[in-house]
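Below is one structure, written out as structure tokens, with a few remarks after it.
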There are 2 protein chains.
Amino acid sequence: MPKKVDHDERRRLIADALMRVAAEQGLEAVSLRHVAAAAGVSAGMVQHYFRTKDEMMSFALSAVSERSEARVQAAVGALGADPPPRQLLRTMIAALLPLDEATRADGRVALAFLAYTAVRPAASAELHPTTAEFVHFIASQLPSGEPHQAAGLLALMEGLGVYLLGGQYEAEQALDALDAQLDLLFGPVPGGRAGTSGWEVRTGFASGGAPLVEVGEESEGVERA
Amino acid sequence: MPKKVDHDERRRLIADALMRVAAEQGLEAVSLRHVAAAAGVSAGMVQHYFRTKDEMMSFALSAVSERSEARVQAAVGALGADPPPRQLLRTMIAALLPLDEATRADGRVALAFLAYTAVRPAASAELHPTTAEFVHFIASQLPSGEPHQAAGLLALMEGLGVYLLGGQYEAEQALDALDAQLDLLFGPVPGGRAGTSGWEVRTGFASGGAPLVEVGEESEGVERA
DNA sequence: CGGTTGGCAATACGACTGCAATGCGAAGGC
DNA sequence: GCCTTCGCATTGCAGTCGTATTGCCAACCG
């Protein structure tokens, strides 16, 4: 073989550029040439490593999931062995929340992919049934062991992420809501951060903030179409 | 003036077609010609009623929110005067959840718009700060009156919607999780549907189901891009 | 009846898309 | 020292995009 290049490294480099484009301008702006320009390579090279655009999208999709998984594992690993369940869950969930600008960018990409795959189920067939396992794990950490409560906690995390991305919740409000939920599930903790002080619903989104309304109806129905 | 046509009715007809296209093929597939074809009109007519595509998108966006609002009001109106807070909240939230195939289509559109506006904040500037008001209202219905708990309940609803759309949760599981949460907030009810019986995490999504993984990381981070 | 005006269709245009095909330089195998 | 093979860039093509422009038809005013 002639040249020696790490095939997978190149693909990751391209996928990084894709995520950068998607985070800034949305998935609609993701095109071969656009991604190539963002990666600082030629459009032909992108085509060389991904024979089709769908292939590129699928790779980027799995890259997103891999990175988040790594993020959770890093956060949990910093916790030491056998942490108390409440702290473990809080750490894992906080690691999955888009709390700072860097993780918000990733969250936007993930959100875009969420809508993307909602219409193209085949694009994510390779991904594992992580959600079900996660619910199961959460339930095992709960005092009640209730799967319903575990599913609710996971959904709460998801919703917090959506609202954080939409700008309706600030990071602190989201964490307060999370802690309040953990209070409900584990029982209140004296030294916790679960106090009610200082919470105020944010108003006045006129200053270029993200939309509120469609978040409120993110999952609403419109009848037929 | 010559002809007599209801300007707004035409716009709604076109917006309906747009939502149909978006629900089936995603927002990326929404183009003037596509929408025109779905509406059974000429492309020129669409252009006549919406001078620009962004104008059309904004109109459809507000139409989505209007419809969901109407849905909630209809559900609440069927409840009679002064319903108990728990029942009121459950009814409102259930009305916003994509529980059947018809509302799922609307939910897909709303999800697409959510990702869309995450990148174009200006497209939704006209929408009101509904979320903050909603949190406030929920808090007023809660025994604790805790805004944190209210924000958490709203986030849980949002997450349930996302997972319902993704196919990770079935309608019954979502409602069970919702009721379990209401149990936590209001205290358990003897006659409630909050039993743990029959809950089983769904596995084996191989059969064309929607993705699980990127839902699990819907709000994760990927570092920088 | 002529003219004006709104409703709507058709077309043209430039920019962009994904993708296939082609070309060329460089690095090893023989 | 060829010669294959890989890495990568370039170009071309058919199609779609959003938008501006043009033109026809029907309806109402005078």
Side-chain angles (χ1 to χ4, degrees), chain A residues 1-22 24-61 109 112-113 115-117 119-120 122-123, chain B residues 1-22 24-61 109 112-113 115-117 119-120 122-123:
Chain A
M1 312 117 191
K3 286 267 191 70
K4 39 132 190 176
V5 284
D6 188 338
H7 216 81
D8 245 33
E9 183 197 333
R10 299 279 194 177
R11 288 165 75 98
R12 255 187 291 272
L13 182 140
I14 294 172
D16 276 15
L18 188 155
M19 294 186 230
R20 227 172 300 138
V21 172
E24 290 167 12
Q25 319 185 67
L27 262 195
E28 310 179 327
V30 169
S31 72
L32 295 188
R33 296 174 237 265
H34 237 111
V35 170
V41 302
S42 80
M45 178 169 156
V46 174
Q47 218 173 171
H48 181 73
Y49 285 101
F50 298 104
R51 284 182 302 186
T52 171
K53 186 191 176 181
D54 274 337
E55 196 181 316
M56 179 177 68
M57 299 293 273
S58 293
F59 183 85
L61 174 57
V109 178
F113 269 118
Y116 181 80
T117 55
V119 150
R120 278 174 207 70
Chain B
M1 309 121 191
K3 286 268 191 69
K4 40 131 192 175
V5 285
D6 188 338
H7 216 81
D8 245 33
E9 183 197 333
R10 299 279 194 176
R11 288 165 74 98
R12 256 187 290 271
L13 183 140
I14 294 172
D16 275 14
L18 188 155
M19 295 186 230
R20 228 173 300 136
V21 171
E24 291 167 12
Q25 319 186 59
L27 263 195
E28 309 179 328
V30 170
S31 72
L32 296 188
R33 297 174 237 265
H34 239 109
V35 169
V41 302
S42 79
M45 178 169 155
V46 175
Q47 216 172 175
H48 181 74
Y49 286 101
F50 299 102
R51 284 181 302 186
T52 172
K53 186 191 177 183
D54 274 337
E55 196 180 315
M56 179 177 68
M57 299 293 273
S58 293
F59 183 85
L61 175 56
V109 178
F113 268 118
Y116 181 79
T117 56
V119 149
R120 280 173 208 70

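Chain identifiers are assigned alphabetically (A, B, ...) following the order of the sequence lines, protein sequences preceding nucleic acid strands; residue numbering begins at 1 within each chain. These numbers come from a predicted model, not from an experiment. For the numbers below, each heavy atom of this structure counts, side chains included, while hydrogens, waters and symmetry mates do not.
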Any His34(A) side-chain N or O less than 4.0 Å from OP1/OP2 of dT17(C): yes
dG7(C) phosphate, OP1 or OP2, under 4.0 Å from His48(B) side-chain N/O: yes
Nearest-angstrom distance from the residue atom CG of Leu32(B) to P of dT16(D): 14 Å
Identify the pairs formed between an N or O of the protein and an N or O of nucleotides 9-13 of chain D at a distance under 3.5 Å, and give each distance.
unit_1: dA9(D); atom_1: OP2; unit_2: Ser42(A); atom_2: OG; d: 2.2
unit_1: dA9(D); atom_1: O5'; unit_2: Ser42(A); atom_2: OG; d: 3.2

Sugar-phosphate only, base, or nothing, as touched by Val35(A) at under 4.0 Å among non-hydrogen atoms: nothing
Counterpart residues, side-chain contact (heavy atoms from CB on, under 4.5 Å), relative to Ala29(A) (two or more places apart): Val21(A), Gln25(A)
side-chain N/O Arg10(B) vs dC8(C) OP1/OP2, d < 4.0 Å: yes
Atom pair distance, as rounded to whole Å: CD in Glu55(B) and C1' in dT19(D): 13 Å
Value in whole Å for how far the P atom of dC6(D) lies from CG of Asp6(A): 17 Å
Distance test, side-chain N/O of Thr52(B) to OP1/OP2 of dT19(D), below 4.0 Å: yes
Spacing of Tyr49(B) atom OH relative to dA9(C) atom C1', expressed in whole Å: 13 Å
Residues His34(B), Leu18(B); criterion side chain to side chain contact (heavy atoms under 4.5 Å, CB included); working and verdict: CA-CA 8 Å; His34(B) 239 109; Leu18(B) 188 155; over 6 Å; no
Distance, rounded to the nearest Å, where Lys53(B) contributes NZ and dT16(D) contributes P: 15 Å
Rounded distance (Å) that lies between atom P of dC16(C) and atom CD of Glu28(A): 16 Å
Value in whole Å for how far the P atom of dT17(C) lies from CG of Leu27(A): 14 Å
Ala115(A): side-chain contact (heavy atoms from CB on, under 4.5 Å) partners, not counting sequence neighbours: Leu111(B), Ala115(B)
Check against side chain to side chain contact (heavy atoms under 4.5 Å, CB included), Phe59(A) and Arg12(A): CA-CA 8 Å; Phe59(A) 183 85; Arg12(A) 255 187 291 272; 4.3 Å; yes
Selection residues 27-50 of chain B - residue pairs positive for salt bridge (Lys or Arg N to Asp or Glu O under 4.0 Å), sequence neighbours left out: Arg120(A)-Glu28(B)
Length of the CD-C1' vector between Glu9(B) and dG7(C), whole Å: 14 Å
Inter- and intrachain pairs under side chain to side chain donor-acceptor pair (under 3.5 Å), touching residues 43-57 of chain A, at least two apart: Asp54(A)-Tyr116(A)
Pairwise side-chain contact, Asp6(B) with Arg10(B), heavy-atom cut-off 4.5 Å (strictly under): no
